[in-house]
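Report on the structure given below.
One-based numbering, in listed order, for ligands and for the atoms of each.
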Amino acid sequence: MKISEIMKQKMSFSFEVFPPKMDQPMDNLLDTLEHLYVFNPDFISCTYGAGGTNAGRNVEVCRAIKKSGRTIPVTHFTCIGNTKKDIKKSLQTYLDMGIDHILALRGDFPKGWEGTRGDFDYANELVAFIKKNFPEFCIAVAGNPEKHFQADSFEEDIAHLRVKQDAGADYIMTQLCHDVDQYKWWAEKIRKSGILLPIDVGVMPVLSKDPIVRMTVSNGSAIPRELAEIIARYGDNPEDFKKAGKEYTVKQIYRFINAGINGLHIYSLNRWKDITDILDESGIRNLNESLE
Ligand code: FAD
């Protein structure tokens with residue numbers, strides 16, 4: 001069943017992983033996947049290095065997930081540096097492996113770039129291209145509850161999201177957003193703008209100070225006071241920080257579930273032990289089974 005169909009029946013539950021670097025072995029990632037399968041995720045998505053720097057590794061990871069038969073692999077894919085010919089070849093490779101779910105992205109520009117240097121400038125063009133040439137794919141697109149950092153206004157950004165829906169997207173996956181009230185405001189606003197796609201919300205676990213600050217700020221997202229206080233209180237003590245961060249993440253999971261989301265997507269950061277702690281603490285293991 002396609003993920004967009006699953007989301008019509010229940011709140012989906014999923015993880016994101018990233019591939020190892022080209023010169024690193026796959027073993028750790030395969031081990032991580034084994035531990036994530038235990039939670040019966042509806043899918044696991046795998047990131048794609050903009051510019052295709054680790055595209056080979058992304059394919060290996062997606063293939064391993066597919067081969068396991070344990071869940072649906074979703075590949076991320078970007079326009080950066082990709083021509084129509086490259087894209088056709090890559091997408092056919094995924095389909096040949098039985099991978100028919102994709103998150104269609106523009107991608108962030110590598111340092112010094114001002115455009116994609118490929119055939120498509122924006123994700124909506126990629127979505128339309130996939131829909132026309134490879135209609136088998138279930139297509140997710142990115143949504144930004146706090147506005148994409150390059151957009152001048154919410155109105156403009158939401159209008160661009162609407163174009164992605166109209167081009168044939170099947171569901172939305174959100175950018176990191178710690179501010180649940182802001183998410184609710186945005187979800188209502190996009191609905192009023194005629195965007196009716198299911199929304200899969202990404203939750204970033206709070207595990208260590210510098211990475212969480214960097215990942216949040218680099219997306220133009222805000223650090224709410226509750227998280228700022230954790231950073232201020234425990235920032236100098238990694239162990240206490242992680243403990244408080246995990247508790248905060250469990251609360252966030254429930255705040256988002258209570259906001260009526262269509263899917264819960266955990267950015268696993270390939271840290272299965274911490275993710276297991278968080279999910280055991282939150283009772284999600286049982287929650288997902290009871291939602292079947
Ligand atoms: P777009 O939808 O094209 O939007 C980019 C900007 O252009 C926005 O400001 C938008 O308002 C504007 N815009 C959109 N369409 C138009 C138009 N037609 N005309 C004018 N302006 C327009 N990046 C990676 O490199 N690899 C990954 O694996 C990856 N995974 C991600 C997973 C998730 C869940 C999310 C939310 C993001 C991910 N990203 C990833 C980051 C993403 O590539 C960046 O956020 C990127 O800056 C924008 O991608 P987009 O698909 O949202 O672009």
Side-chain angles (χ1 to χ4, degrees), residues 3 12 14-19 43-55 57-59 61-62 73-82 87 90 94 101-111 113-130 139-178 183 186 189-190 193 195 197-204 215-221 256 261-270:
I3 290 164
S12 67
S14 55
F15 296 110
E16 175 188 284
V17 296
F18 58 85
F43 68 93
I44 296 184
S45 79
C46 178
T47 62
Y48 177 96
T53 44
N54 66 349
R57 245 44 216 300
N58 155 287
V59 170
V61 174
C62 291
V74 175
T75 185
H76 298 200
F77 193 83
T78 73
C79 302
I80 304 288
N82 265 325
I87 296 171
S90 299
Y94 289 120
H101 282 74
I102 190 164
L103 169 59
L105 299 157
R106 182 199 70 185
D108 283 324
F109 303 141
K111 228 186 166 110
W113 291 32
E114 281 176 8
T116 61
R117 299 191 191 172
D119 282 346
F120 299 131
D121 294 327
Y122 297 105
N124 67 283
E125 299 163 44
L126 177 61
V127 174
F129 183 79
I130 299 172
I139 309 171
V141 289
N144 292 274
E146 293 179 84
K147 185 178 82 54
H148 186 265
F149 65 93
Q150 288 171 318
D152 289 334
S153 66
F154 273 98
E155 283 67 26
E156 193 180 283
D157 204 33
I158 290 172
H160 294 143
L161 183 58
R162 173 74 200 249
V163 176
K164 293 196 274 194
Q165 169 177 277
D166 296 347
D170 294 296
Y171 67 104
I172 296 167
M173 296 179 77
T174 65
Q175 184 55 273
L176 173 172
C177 170
H178 303 295
Y183 165 76
W186 173 81
K189 200 162 169 67
I190 68 167
S193 310
I195 298 170
L197 298 175
I199 309 175
D200 187 23
V201 169
V203 172
M204 180 62 75
M215 286 185 288
T216 304
V217 175
S218 67
N219 286 317
S221 300
F256 277 114
I261 58 180
N262 304 110
L264 176 70
H265 189 60
I266 308 285
Y267 300 115
S268 83
L269 303 167
N270 295 2

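Considering backbone and side-chain atoms together, Q150 places no N or O closer than 3.5 Å to any N or O of ligand 1. On a distance-only criterion, D157 and ligand 1 share at least one N/O pair closer than 3.5 Å. The shortest N/O to N/O separation between D108 and ligand 1 falls below 3.5 Å. Of the N or O atoms in M173, none lie within a sub-3.5 Å distance of an N or O in ligand 1. Looking at ligand 1, you won't find any N or O of D121 less than 3.5 Å from one of its N or O atoms. Of the N or O atoms in T47, none lie within a sub-3.5 Å distance of an N or O in ligand 1. Distances between N or O atoms of N144 and those of ligand 1 include no value under 3.5 Å. Residue Y267 has no nitrogen or oxygen atom sitting less than 3.5 Å from a nitrogen or oxygen atom of ligand 1, judged on distance alone.
For the ligand labelled ligand 1, residue N124 lies inside the 4.0 Å heavy-atom shell. Within the structure, the closest approach of K147 to ligand 1 does not fall below 4.0 Å when heavy atoms are considered. In this structure, T174 is part of the shell of residues with a heavy atom less than 4.0 angstrom from ligand 1.
The side chain to side chain contact (heavy atoms under 4.5 Å, CB included) search around A104 returns L126, V127, I130, I139, not counting sequence neighbours. Residues satisfying the side chain to side chain contact (heavy atoms under 4.5 Å, CB included) criterion with E125, sequence neighbours excluded, are F120, D121, Y122.
Using a 4.0 Å cut-off between heavy atoms, R106 contacts ligand 1 through both its backbone and its side chain.
Distances from atom 1 (P) of ligand 1 to the heavy atoms of S45, A123, P110, A167 put A123 nearest.
Counting protein heavy atoms under 4.0 angstrom from atom 4 (O) of ligand 1 gives zero.
Which parts of ligand 1 touch T78 is read off a 4.0 Å heavy-atom cut-off, strictly below it: atoms 24 (C), 25 (O), 26 (N). Close approach to A142 involves these atoms of ligand 1, each under 4.0 Å from a residue heavy atom: 36 (C), 52 (O).
The backbone N or O of M173 sits nowhere less than 3.5 Å from a side-chain atom of H265 that would complete a donor-acceptor pair.
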